[in-house]
Each structure stands twice: as C-alpha cells, then as structure tokens.
Q: 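Below you will find the structure I want to go over with you.
Atoms considered below: every heavy atom in the structure, side chains included; atoms not considered: hydrogens, waters and symmetry mates.
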Amino acid sequence: MKKWLLFAAALCLVAVLAACGAKSDNQENAGNGDAVAADSGAASAEVIITAANWEFDQKEYKIKAGEATNITLKSTDGVHGVKIDKVDNIATGQTKTVTVAEPGTYEMICSVPCGNGHRQMKATLVVE
C-alpha cells in the first residue's frame with residue numbers, strides 16, 4: 001500500500017512539474033512578436049462565443065488592437081472548440097486572455113470534429 005501511495009505522489013509531482021513547464025513555454029512565446037499573444041493581466045474587454053451544432057452565434061466578432069480581451073467559448077449543443085489564427089485553441093467553457101497587436105481579420109474555425117456541418121463552422125475575428 002505504501003509503495004502505491006508513493007507511486008501516486010510521484011506521478012502527481014511529475015504532472016505538476018510538467019504543467020509548470022508548459023506555462024513557462026507559453027510566457028516565452030508571448031513576447032516573440034506574434035500578432036496575438038497570451039496576456040496574464042486583467043482584460044478590459046470580453047468576447048463570448050456561443051457554439052451550437054455547426055455554427056457560431058455570430059459570423060463576425062470585433063475587438064480592439066492592443067487591448068487585452070477575454071475570449072470565452074460556450075456551447076449550447078454538442079462539444080466544440082474554437083481555433084483562431086495565431087491563438088491557442090479555446091475549449092468549451094474555457095476563457096483565454098489575448099492581446100492582438102496587429103489590426104486585421106483572423107479566421108475562426110471549430111477545432112473539435114462535431115459532425116456533418118463541421119467544415120462549414122467558421123467565423124471571423126476583426127481586429128480594429
């Protein structure tokens with residue numbers, strides 16, 4: 001029994017250390033000049049994306065360039081994710097804070113295969 005507990009504790013420690021390493025890598029990449037970067041500060045804007053079977057609730061979402069924005073994905077039907085050009089995937093129920101440095105349009109697609117209409121599940125993020 002003690003060996004099993006020791007093994008479980010070691011496994012938990014490895015998982016915690018791996019998570020800390022992943023966080024460190026994301027912070028290093030945030031300052032590398034990409035158009036979109038993760039931001040650890042408080043966001044001044046918020047965008048809520050609602051996904052249903054084979055569609056997002058809007059065709060276009062707008063944010064301001066250089067402004068930290070919380071992007072949240074909610075789902076009313078099925079399991080979905082959203083992938084925005086140069087931004088990590090956002091899973092259902094997850095919020096990510098991003099800062100988009102360059103104005104432009106960024107394609108958004110569903111990142112989780114969700115059925116027959118999956119390929120048509122697209123929207124646009126407009127950065128002004």
Q: Using a 3.5 Å distance criterion without hydrogens, assess whether the side chain of Asp85 forms a donor-acceptor pair with backbone atoms of Glu107.
A: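 Between the backbone of Glu107 and the side chain of Asp85 there is a qualifying donor-acceptor contact (under 3.5 Å).
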
Q: What pair of heavy atoms forms the shortest contact from Ala68 to Thr97, and how long is it?
A: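 That would be CB-CG2, 4.2 Å.
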
Q: Once rounded to the nearest 0.5 Å, what's the spacing between atom OG1 of Thr124 and atom CD1 of Ile84?
A: 10.5 Å

Q: Compare every heavy atom of Ala123 with every heavy atom of Tyr61, then report the nearest pair and how far apart it is.
A: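 Closest approach of Tyr61 to Ala123: CE1-CB, 4.0 Å.
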
Q: For Asn89, is there any backbone N or O sitting under 3.5 Å from a side-chain donor or acceptor partner on Lys96?
A: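 The answer is yes, because a donor-acceptor pair under 3.5 Å joins these two groups.
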
Q: Could you tell me whether the side chain of His80 and the main chain of Ala52 form a donor-acceptor pair under 3.5 Å?
A: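 Present.
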
Q: So how far is it from Arg119 CZ to Cys114 SG, rounded to the nearest 0.5 Å?
A: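 That separation rounds to 11.5 Å.
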
Q: Which atoms form the tightest heavy-atom contact between Val82 and Phe56, and what is the distance?
A: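 Scanning both residues, the minimum pair turns out to be CG2-CZ, 3.9 Å.
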
Q: In the structure I gave you, are the side-chain heavy atoms of Thr69 and Val100 within less than 4.5 Å of one another anywhere?
A: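 They are not in side-chain contact.
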
Q: Look only at the side chain of Thr72 and the backbone of Ile48, and say whether a donor-acceptor pair between them is shorter than 3.5 Å.
A: no

Q: As an exercise, state the distance from CD of Glu46 to OG1 of Thr95, rounded to the nearest 0.5 Å.
A: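 Separation between the atoms: 7.0 Å.
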
Q: Nearest heavy-atom pair of Ala51 and Met121: which atoms, and what distance?
A: CB-CE, 3.6 Å

Q: Atom OG of Ser44 and atom CD of Glu67: how far apart are they, to the nearest 0.5 Å?
A: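 If I round to the nearest 0.5 Å, the distance is 3.5 Å.
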
Q: Which heavy atom of Ala65 sits nearest a heavy atom of Ala101, and at what distance?
A: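 The answer is CB-O, 4.0 Å.
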
Q: When rounded to the nearest 0.5 angstrom, what distance separates CG in Leu125 from NZ in Lys62?
A: 11.0 Å

Q: Using every non-hydrogen atom in the two residues, find where Leu73 and Gly81 come nearest and quote the distance to one decimal.
A: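 Heavy atoms only, the tightest pair is CD2-CA, 3.5 Å.
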
Q: Look up atom CD1 in Ile90 and atom NZ in Lys83, then write down how far apart they are to the nearest 0.5 Å.
A: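 Here the rounded value is 9.0 Å.
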
Q: According to a hydrophobic-cluster definition based on side-chain heavy atoms being under 4.5 Å apart (Ile, Leu, Val, Met, Phe, Trp, Tyr only), do Val47 and Val127 belong together?
A: yes

